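A short worksheet on the structure shown next.
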Amino acid sequence: MSELRSLRKLLVANRGEIALRVMKTAKKMGLLTVAVYTDADEQSPHVNFADQSVNIGKGPIADSYLSIEKIMEVALSTGCDAVHPGYGFLSENSDFAEACEKAKVTFVGPSSKAIEAMGNKAKAKAIMKEAGVPCIPGAEVANKNDRELQLAAESVGFPLMIKAAAGGGGRGMRLVNNISDLQKSCEIAKAEALSAFGSSEIILEKSIVEPRHIEIQIMADNFGNIISLGERDCSLQRRHQKIIEESPSPVVDAQLRTKMGEVACLAGKVINYSGAGTIEFLLDKDKNFYFLEMNTRLQVEHPVTEMVTGLDLVELQLNIADDQELPLSQEQVQLCGHSLEVRLYAEDPWKNFLPSTGKIEVWRKHKSPDTRYDDGIVEGQVISPFYDPMLAKVISNGKNREQAIDTLKQSLQNTALYGVKNNRDFLIAILSSEAFRHEDVNTSFLETNDFSASGNKHMEFDEVAVLGALLMTKYSKTLIDEAIGFEDELYGWSNSKTIYYPLSFKANDNIYSVYIELKKPNSITVNFEGEKIQIDLNGDHIELNDEKIKLDFIEYKENKLFASYQGKSFKAEIIKEDIKIEDIDKGGKIRAPMHGVIRELFVTVGEKVKKNQVILILEAMKMQHEITASIDGEVSDIYTNIGNQVSVDEDLLNINKEGENEF
């Protein structure tokens with residue numbers, strides 16, 4: 001770890017895992033660190049890890065993490081001589097970089113001019129075209145009326161992609177297949193772009209069919225040196241948000257890597273770039289690549305590059321900001337092995353990826369020399385609706401792609417995350433699929449491969465039996481521990497007939513009732529809906545009718561059971577038999593599926609609606625979600641208004657079925 005010459009104290013103007021990750025390297029380099037946080041982030045680990053922490057407000061980002069005035073006030077009042085923006089928030093805000101420059105505070109990133117040049121997609125594309133970088137055909141649509149918008153779209157051709165001109169990360173991006181969907185998609189894209197980036201400007205681009213998303217990491221110092229650090233394949237996405245990234249790409253050979261690296265470095269030189277940057281390309285089936293955008297910051301997926309190059313990109317960033325030359329040349333860059341990264345999101349893959357909020361009850365990481373966790377969460381922390389739903393990143397390293405996949409899959413199976421709905425099981429299903437393992441991946445992967453069968457909403461018979469057995473084992477052990485002089489021979493004994501203990505429990509939003517026959521310690525027969533199954537428990541293994549199954553994780557907390565096996569997570573809780581689960585959707589009752597803000601309301605009381613008709617738009621975790629009618633009928637009540645902050649399961653409106661009245 002190299003030493004810094006002039007920098008002494010660093011403000012990390014971010015939150016969560018990236019704030020923590022930057023601070024770890026900064027501290028190793030001898031820097032004092034300052035964190036900023038909101039009331040909603042008070043429990044976040046980055047707050048306690050920093051040498052000094054300053055509260056900058058409540059939850060909403062506009063008044064906290066996006067407030068240049070507040071961030072600069074903290075930097076100056078705490079005596080920081082440098083600011084690292086992380087990614088997202090103000091990381092690509094040229095006004096923020098300029099504010100740092102004016103205050104004589106070192107901005108760990110490129111100049112405000114470089115950020116401005118690449119910050120607007122339309123302007124960035126024009127600069128790249130001028131430099132000879134291949135670009136996707138497209139059109140600017142700023143200040144165009146409806147007719148001009150249609151003409152611009154027709155000139156680009158369908159299918160086309162709407163993009164936020166001022167940002168990326170999937171916000172403000174919409175695929176449009178025909179002219180009839182254009183206007184509505186543009187309106188939603190503008191709203192998302194305004195919410196995420198403070199600008200509603202959008203552009204149109206020709207959609208490249210089933211491309212690979214390949215990005216090149218570059219590093220440039222203040223002395224004219226610039227190098228590329230290989231590529232990352234970020235093709236596996238949902239709604240243009242990356243889910244799995246890897247390096248190197250399975251489809252990029254040495255010749256193509258060199259060519260793309262040279263073009264990426266050219267792009268950096270054109271704008272006199274300094275620091276860490278990423279040039280994103282789309283690669284078609286014929287290995288033609290097109291400039292997509294430049295991210296003038298550290299990327300979420302930077303760890304896979306670190307894994308295969310052996311470099312610490314944050315350390316390089318800080319050294320460059322400290323006015324030091326790059327420590328290696330292009331010829332010295334070597335890629336070794338293979339690395340993959342998955343993003344653990346607080347969302348429910350089995351409910352159209354709805355963001356999830358709540359308290360983290362269990363968080364356990366798998367200890368492996370070939371696995372790295374970049375996380376910013378702790379048990380007991382409450383996940384709020386204000387920020388991006390990413391909770392952590394899990395990164396694996398292997399000699400080759402197959403080994404890296406196996407390592408990552410095993411680590412995920414031994415990773416426990418409970419308390420908020422999350423995509424752990426979904427990621428395991430992807431890593432287990434033949435399509436992914438055989439490199440059959442493009443940006444349409446999740447549209448052409450169905451993983452719904454991997455959802456654990458409705459449990460199989462053996463899964464119900466296993467949970468019942470595990471719960472009863474714990475429950476009976478508690479009773480036995482409290483008994484005096486109890487011997488194993490008396491386990492389940494009766495002087496009349498076999499005793500079956502009734503047990504009801506809640507798991508995966510359903511209620512299950514089973515009957516348990518206790519035979520001997522760790523040997524149980526479960527009767528469920530007329531069927532029986534024999535279960536033997538032996539440490540971290542289960543035997544179901546002589547079939548051995550390994551438990552990846554098991555933990556009891558009070559009357560709750562947290563367990564994981566065969567790539568599926570389960571949370572079960574013993575309940576009274578008379579408890580019934582509440583139906584979330586009672587006929588036409590529409591409830592909020594998550595915490596959020598009502599942005600649009602398309603119906604009025606007395607209006608007739610059809611099933612699946614969009615009735616309102618709920619914004620949560622920086623994305624806009626269409627809420628649809630559950631039945632055909634007439635709107636009888638509306639309980640909310642545009643701009644209202646709503647909680648999960650809160651009543652929004654009611655629809656009476658056709659032919660039904662209230663009398």
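Positions are given from 1 along the sequence. Predicted model, so just to flag it, every value in this text is computed and none were measured.
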- Query: For the residue pair Phe426 and Trp350, does the interplanar ring angle fall in the parallel (under 30°), tilted (30 to 60°) or perpendicular (over 60°) class?
  - Reply: perpendicular

- Among Phe562, Tyr418, Tyr565, which one satisfies ring-ring contact (aromatic ring centres under 6.0 Å, His included) with Phe570? Tyr565

- Task: Decide yes or no for Gln217 and Thr278: does some side-chain heavy atom of the first lie under 4.5 Å from some side-chain heavy atom of the second?
- Result: yes

- Should the pair Lys393-Glu301 be classified as a salt bridge under the 4.0 Å nitrogen-to-oxygen rule? no

- Glu280 vs Gln299, side-chain contact (heavy atoms from CB on, under 4.5 Å): CA-CA, chis, key distance, verdict: CA-CA 11 Å; Glu280 301 200 1; Gln299 292 281 92; 3.2 Å; yes

- Please report the shortest heavy-atom distance between Gln381 and Gln43, naming the atom on each side. CA-OE1, 3.5 Å

- Query: Do the side-chain N and O atoms of Ser44 and Tyr387 include a donor-acceptor pair separated by under 3.5 angstrom?
  - Reply: no

- In terms of side-chain heavy atoms, does Arg401 have a donor or acceptor partner in Gln403 at a distance below 3.5 Å? no

- Centroid-centroid distance, Phe353 to Tyr345, less than 6.0 Å: no

- Message: Hydrogens and angles aside, do Asp348 and Ser356 bring a side-chain donor and acceptor to less than 3.5 Å of each other?
- Response: no

- Item | Test: Glu215 and Arg232 ion pair at under 4.0 Å | yes

- Task: Give a yes or no on whether Lys58 atom NZ has more than 12 heavy-atom contacts from other residues, nucleotides or ligands under 6.0 Å away.
- Result: no

- Query: Should Phe386 and Thr38 count as side-chain neighbours, where that means a heavy-atom distance under 4.5 Å?
  - Reply: no

- Task: Would you confirm whether Ser195, through its side chain, and Ala191, through its main-chain N or O, come within 3.5 Å as a donor-acceptor pair?
- Result: no

- Query: Any side-chain heavy atom of Leu408 within less than 4.5 Å of one from Ile244?
  - Reply: no

- When every non-hydrogen atom of Leu470 is compared with those of Ala563, the smallest separation belongs to CD1-CB, 4.3 Å

- Item | side-chain contact (heavy atoms from CB on, under 4.5 Å) between Glu650 and Asn644, worked out | CA-CA 11 Å; Glu650 183 176 326; Asn644 282 8; over 6 Å; no

- Message: Looking at every non-hydrogen atom in both residues, tell me the closest pair between Val308 and Gly337 and how far apart they are.
- Response: CG1-O, 3.9 Å

- Polar contact flag, side-chain donor to acceptor under 3.5 angstrom, Asp312-Thr25: yes

- Message: Among Asp425, Asn422, Thr415, which residue satisfies the side-chain hydrogen bond (donor to acceptor under 3.5 Å, both in side chains) criterion with Ser569?
- Response: Asp425

- Task: Taking the side chain as every heavy atom from C-beta outward, state whether Ser235 and Phe445 have any pair of such atoms under 4.5 Å apart.
- Result: no

- Task: Verify the distance criterion only: is there a donor paired with an acceptor across the side chains of Asn538 and Glu543 at less than 3.5 Å?
- Result: no

- Item | Side chains of Leu391 and Arg424 in contact at under 4.5 Å (non-hydrogen atoms) | no

- Taking atom types as modelled, is there a side-chain donor on Thr371 or Ser396 under 3.5 Å from an acceptor on the other? no

- What are the two closest non-hydrogen atoms of Leu618 and Gly596, and how far apart are they? CD1-C, 3.7 Å

- Message: Restricting to non-hydrogen atoms, name the atom on Val526 and the atom on Ala465 that form the minimum distance, rounded to 0.1 Å.
- Response: CG2-O, 3.6 Å

- Message: How long is the straight-line distance from CD1 of Ile61 back to CZ of Phe89, given to the nearest 0.5 Å?
- Response: 5.5 Å

- Message: Evaluate Lys409 against Ser432 for side chain to side chain donor-acceptor pair (under 3.5 Å), listing each step before the verdict.
- Response: CA-CA 8 Å; Lys409 178 183 173 182; Ser432 302; 3.1 Å; yes

- Hey, is the main chain of Ala469 close enough, under 3.5 Å, to the side chain of Thr473 for a donor-acceptor pair? yes

- Taken to the nearest 0.5 Å, the spacing of Ile71 CD1 from Ile56 CD1 works out to 4.0 Å

- Task: Tell me, please, which residues at least two apart from Leu194 pass side-chain contact (heavy atoms from CB on, under 4.5 Å).
- Result: Ser200

- Task: Assess the side chains of Asp375 and Trp363: does a donor N or O sit below 3.5 Å from an acceptor N or O?
- Result: yes

- Would you name the heavy atoms of Cys234 and Glu245 that are closest together and state the gap between them? SG-CG, 3.7 Å

- Query: Is a salt bridge present between Lys568 and Glu463, judged by a nitrogen-to-oxygen distance below 4.0 Å?
  - Reply: yes

- Query: Any side-chain heavy atom of Leu10 within less than 4.5 Å of one from Val22?
  - Reply: yes

- Query: Side chains of Asp406 and Arg437: does their closest heavy-atom pair fall under 4.5 Å?
  - Reply: yes

- Task: Could you tell me whether a side-chain N or O of Lys359 sits under 3.5 Å from a main-chain N or O of Gly419, the two making a donor and an acceptor?
- Result: no

- side-chain contact (heavy atoms from CB on, under 4.5 Å) evaluation trace for Thr407 with Asn397: CA-CA 7 Å; Thr407 297; Asn397 191 37; over 6 Å; no

- Query: Can you tell if the side chain of Ile598 reaches within under 4.5 Å of the side chain of Asn641, non-hydrogen atoms only?
  - Reply: no

With a 3.5 Å cut-off and sequence neighbours excluded, list the donor-acceptor pairs that the side chains of residues 26-34 form with protein atoms.
residue	atom	partner	partner atom	Å
Lys27	NZ	Phe49	O	2.5
Thr33	OG1	Asp51	N	3.2
Thr33	OG1	Asp51	OD2	3.3

- Test side-chain contact (heavy atoms from CB on, under 4.5 Å) applied to Leu236 and Leu446, step by step: CA-CA 7 Å; Leu236 207 151; Leu446 293 183; 4.0 Å; yes

- Message: I'd like to know if Arg372 and Glu341 make a salt bridge, using a cut-off of under 4.0 Å between side-chain N and carboxylate O.
- Response: no

- Message: Tell me every residue that passes side-chain contact (heavy atoms from CB on, under 4.5 Å) with Ala572, counting only those two or more places apart in sequence or in another chain.
- Response: Leu467, Leu471, Phe505, Ala507, Leu561

- Message: With a 3.5 Å distance limit and no angle check, can you tell me whether Glu306 reaches the backbone of Leu313 through a side-chain donor-acceptor pair?
- Response: yes

